[in-house]
Amino acid sequence: MKFPITPLLPQILEALEHNTRLVLEAPPGAGKTTQVPPALLEAPWLDGKRILLLEPRRIAARAAATFMAGQLGEAVGRRVGYAIRFESRLSAATRIEVITEGLLTRRIQDDPALEDVGAILFDEFHERHLAGDLGAALALDVQAGLRPDLRLVVMSATLDGERIAQWLDAPRISSPGRSFPVRIEHPPARAQESTEQHLARTVRQALAEIEGDVLAFLPGQREIARATRLLDEQLDADIEVLPLHGELALADQQAALAPADDARRRVILATNVAESSVTLPGIRAVVDSGLARVPQFDPNSGFTRLRTVTVARDSADQRAGRAGRVAPGVAYRLWPQSQRLDAERIAEIAQAELSGLALELAAWGHDALPWLDPPPSGALAQARDLLRRLGALDAEHRITALGRAMHALGATPRLAAAVTRANEAQHGLMADLLALLDARSPLRGEHARNDDFRQRVQALHVWRDGGASAARRFGADAGALAAIERAARGWRQRIGARAAASGTPHSHAVGDLLAHAFPDRIAMQVEGQPLRYQLSNGRGARLHEATALLGEPWLVVLDLRLESRDSLIFAAAPFDPALLQRDYGERFVTQRAVRWNADREAVEAFEERRFDALVLERRSVPVRAEDALPALLARVRERGLESLPWSDAARRLRARIQALRGWMPESGLPDVSDDTLLATLETWLGPYLDGKRKLDALSAAELSQALVALLDYGQRQQLDAQAPEALTVPSGRTHKLVYTPDAPPVLAVKLQELFGLADTPRVGGGRVPVTLHLLSPAGRPMQVTQDLAGFWERTYPEVKKELKGRYPKHPWPDDPWSATPTHRTRRHAGR
DNA sequence: CTCTCCCT
């Protein structure tokens, strides 16, 4: 049997003769997985040691070992064996050992010199799983320090291995694949067309243009369900539409995979499972939405959320390649040809939760590893906080004895922490929880919506006690439970459980164990709001309307969807809050807290007993001045300056200061604009709020004082002289000046009162003529002017005639310059 | 009321 890679095997051997690292690029079907490891067996540098072949998936590890053993005409477990979690077929004779990526880390941690290993081959490295990246970094570290002879081969399906070759400082060898050409098309979307409509229309186009089956890629279950509905309506009955995603029962997946026996053509609507995990025969056309859902860890909340993203070019090429396995095919891409995709997918290490990685690094002893992409510092810091909280690290981020025990368990740090807290009688149940939390829910149909995690435990126990039919009656998938039981059996052995748990666990038993895994996700019901909870990390959460957990005051939240306000709880378990005091006593604090009471518009102080962000008890205590002042000032900032009790006099004072500051910048008067006063509340208003508890305790007089206090004595004198509150006119009466921003002040005065005044009065150091609103004897506005001399000269003679007619009892002299000013009639003036 | 894929 010949593979495309076969002629390259001598070149690969030759390269590894002179280099300890090699990048091998080969597309699927080239034979790299099964042909390279046996070819290396007789290499002199191997020196009788083993070859490790890393696979990202368990199925792939089993399949590769089975195929290679068959090539040698042997059973698995002789010269070729495999190991995955809780399952291995190995012997003393084994020379090629196929293992899953996660196991390499454990091997290296247990034996840093890798005594019996001569070469490590990383298969499908382009998938960039966290365990693969960590394993490669550790292996490089081992090679640099302890094992310069160790051979490392990174195998990748991507065509651009340049970056990996530079990282490894290694030569590259490329192999052709065994695939048929795939034509790429970009059918455009119509206006207002949804992704699913576009996809359904293109699937019909593909069925018309190409023979064979069609594989379509969509980001998730929701989109698959919508597209299935559309296609079921649009397609003839002789075409079968099959959904394919990770949550489907095993039987459904098999149905999608098995070759169609009735010759019906098939349309398979799949998530990313079909990109790498599942091989589908007979596909001639691929329709690619270009979308995928990926988890993204948010270091701020400590939660992971799913985001829909555009795939990278390497993913799109891999998806397209599915159409060319049996014959030439077509890939229809639902994005514009002009759209640029990223070259490579984002490595898992760049956006995943990192507590497992952080624990590995702590166990390794240093974290200056030769990463292809280093773990981001924010996520790593959050991971270390969690590990400290779980007791795995000390304050200096060194691993503790408990941390070593957790590491040895090989579970996630959260669950490992729960195992170390469990007593012997709880080990059977703990093993069930380890298996159940690692798997998708075994519940189906309406039961799948049950948010009480204990229901899943119950399903496992029903299956264990009553078999598959009992499990089905309970609403669970027996196949899924069988897989969960295999894992649970493995955990029972590892943690030393004497017997499997059965029956109905005590109501708090599940939650009490899991509270030790999720101490930062403790939820306390909000008083008076049955569905709302406060989380110990400070965020809010809620149960859905049809919850099975109604009325539970305390929950451990195992799964939720992060939302800006209250996140939605998908799975939780009730627990006994007494264990918080017993096991996390050090996290309880009693503190004073100061709050603004919006109803009373007043500051309140409390003494609170808290577990992290959860307030368990609260009692009122007297407010201290140093507590109240910042709260009061913050409240003023929130509501604005207009909320303060300004008197008319204070408003005028502000206007005068601001006006004179503009006219005479040399006066050094302070800026009393809204922005500046709000920014400097502490200095000018603070002293007048000191000792107060409520905002309305501030009087208008105090506010005026606060404003006046901004000026020194000289500035006050200057203000009174140059921006006076009022002017005295020739009649002897005093009239207020009205100040408005960016305009001269206005003086409203009866014309007769100004007799004898030759020119316009001025303010602002003589720079600003007052705007005169000249009034009739009845107080009616007659004329607006800033030029009084001109008025007397030109306008007054005309105005006078009219005024004489309308107001005969008043004096209207011909010579207003020398006339006696008055506000009265002639009769009064005569006395 | 909902979530891609995988692993020690």
Side-chain angles (χ1 to χ4, degrees), chain A residues 54-61 83-88 99-110 124 127-135 138 217-225 244-248 270-278 289 291-296 303-309 311 315 345-346 348-349 351-353 355-357 359-360 363 406-413 415-416 434 437-441 443 446-452 487 490-491 494 531 541-549 558-563 566-572:
Chain A
L54 303 200
E55 289 297 327
R57 278 167 291 280
R58 296 177 198 173
I59 293 184
I84 60 182
R85 177 157 72 179
F86 301 139
E87 183 181 330
S88 68
I99 63 176
T100 35
E101 284 171 340
L103 268 178
L104 176 66
T105 317
R106 290 188 72 70
R107 291 287 174 90
I108 297 182
Q109 294 272 17
D110 290 347
E124 312 282 3
E127 292 191 17
R128 301 301 308 280
H129 293 153
L130 183 51
D133 270 23
L134 173 62
L138 289 172
F217 285 98
L218 286 149
Q221 284 182 45
R222 194 172 51 230
E223 292 83 355
I224 288 176
L244 177 63
H245 53 76
E247 200 143 285
L248 288 172
T271 61
N272 250 344
V273 268
E275 189 179 308
S276 53
S277 314
V278 159
S289 68
L291 300 172
R293 258 204 269 288
V294 292
Q296 207 167 43
F303 289 110
T304 295
R305 64 175 116 198
L306 281 172
R307 289 194 51 206
T308 308
V309 298
V311 299
S315 271
R345 69 194 75 190
I346 297 170
E348 191 185 359
I349 198 172
Q351 39 188 9
E353 196 278 331
S355 60
L357 178 97
L359 186 58
E360 294 291 351
M406 285 164 56
H407 181 245
L409 274 168
T412 63
L415 293 172
L434 285 160
L437 276 162
D438 201 30
R440 291 170 187 269
S441 172
L443 299 172
E446 61 190 290
H447 302 279
R449 300 175 182 174
N450 195 315
D451 55 357
D452 186 344
W491 286 116
R494 187 166 295 175
L531 294 177
R542 67 194 156 89
L543 294 167
H544 62 77
E545 302 278 327
T547 179
L549 291 163
L558 307 172
D559 192 14
L560 56 60
R561 185 181 64 196
L562 194 62
E563 281 173 20
D566 288 344
S567 297
L568 184 63
I569 298 172
F570 287 146

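Quick note on labels: first sequence line is chain A, next is B, and so on, each numbered from 1.
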Find the distance [X]:[atom1] to [N]:[atom2] and express it as a whole number of Å.
X	N	atom1	atom2	value
A:D438	B:dC6	CG	P	12 Å
A:L437	B:dC6	CG	P	18 Å
A:R307	B:dC5	CZ	P	18 Å
A:E353	B:dT8	CD	P	18 Å
A:R107	B:dT8	CZ	C1'	12 Å
A:I224	B:dC5	CD1	C1'	13 Å
A:L357	B:dC7	CG	P	18 Å
A:R57	B:dC5	CZ	C1'	9 Å

Original post:
If you find the nucleotide of DNA chain B closest to A:R542 and the one closest to A:A411, which residue's nucleotide is nearer the 5' end?
Top reply: A:R542

Original post:
A:P219 or A:P413: which one's nearest nucleotide on DNA chain B is closer to the 5' end?
Top reply: A:P219

Rounded to the nearest 0.5 Å, how far does [atom2] of [Y] lie from [atom1] of [X]?
X	Y	atom1	atom2	result
A:E101	A:L54	CD	CG	6.5 Å
A:L138	A:E360	CG	CD	7.5 Å
A:T547	A:D451	OG1	CG	3.5 Å

Heavy atoms only, 4.0 Å cut-off, all strands: where does [X] land among base, sugar-phosphate and nothing?
X	result
A:D451	nothing
A:Q221	sugar-phosphate
A:L103	sugar-phosphate
A:T547	nothing
A:R222	sugar-phosphate
A:N450	base
A:G410	base
A:T100	sugar-phosphate
A:P56	sugar-phosphate
A:I84	sugar-phosphate
A:A546	nothing
A:R85	base
A:R58	sugar-phosphate

Original post:
With a 4.0 Å cut-off, would you call A:E87 and A:R58 a salt bridge?
Top reply: no

Original post:
Any donor and acceptor pair, going by atom type alone, linking the side chain of A:R494 with main-chain N or O of A:L409 inside 3.5 Å?
Top reply: yes

Residue [X], side-chain heavy atoms: nucleotide from [options] that is nearest:
X	options	value
A:A448	B:dT2, B:dC5, B:dT8	B:dT2
A:R293	B:dC5, B:dC7, B:dT4	B:dT4
A:F570	B:dT2, B:dC7, B:dC5	B:dT2

Subject >> Side-chain heavy-atom pair A:R561, A:R305 within 4.5 angstrom cut-off >> reply: no

**OP:** Please examine the side chains of A:R57 and A:T100, heavy atoms only from C-beta on, and report whether any two atoms are closer than 4.5 Å.
**Re:** no

Original post:
So, is A:R440 near the phosphate of B:dC5, with a side-chain N or O under 4.0 Å from OP1 or OP2?
Top reply: yes

Subject >> Distance test, side-chain N/O of A:T271 to OP1/OP2 of B:dC5, below 4.0 Å >> reply: yes

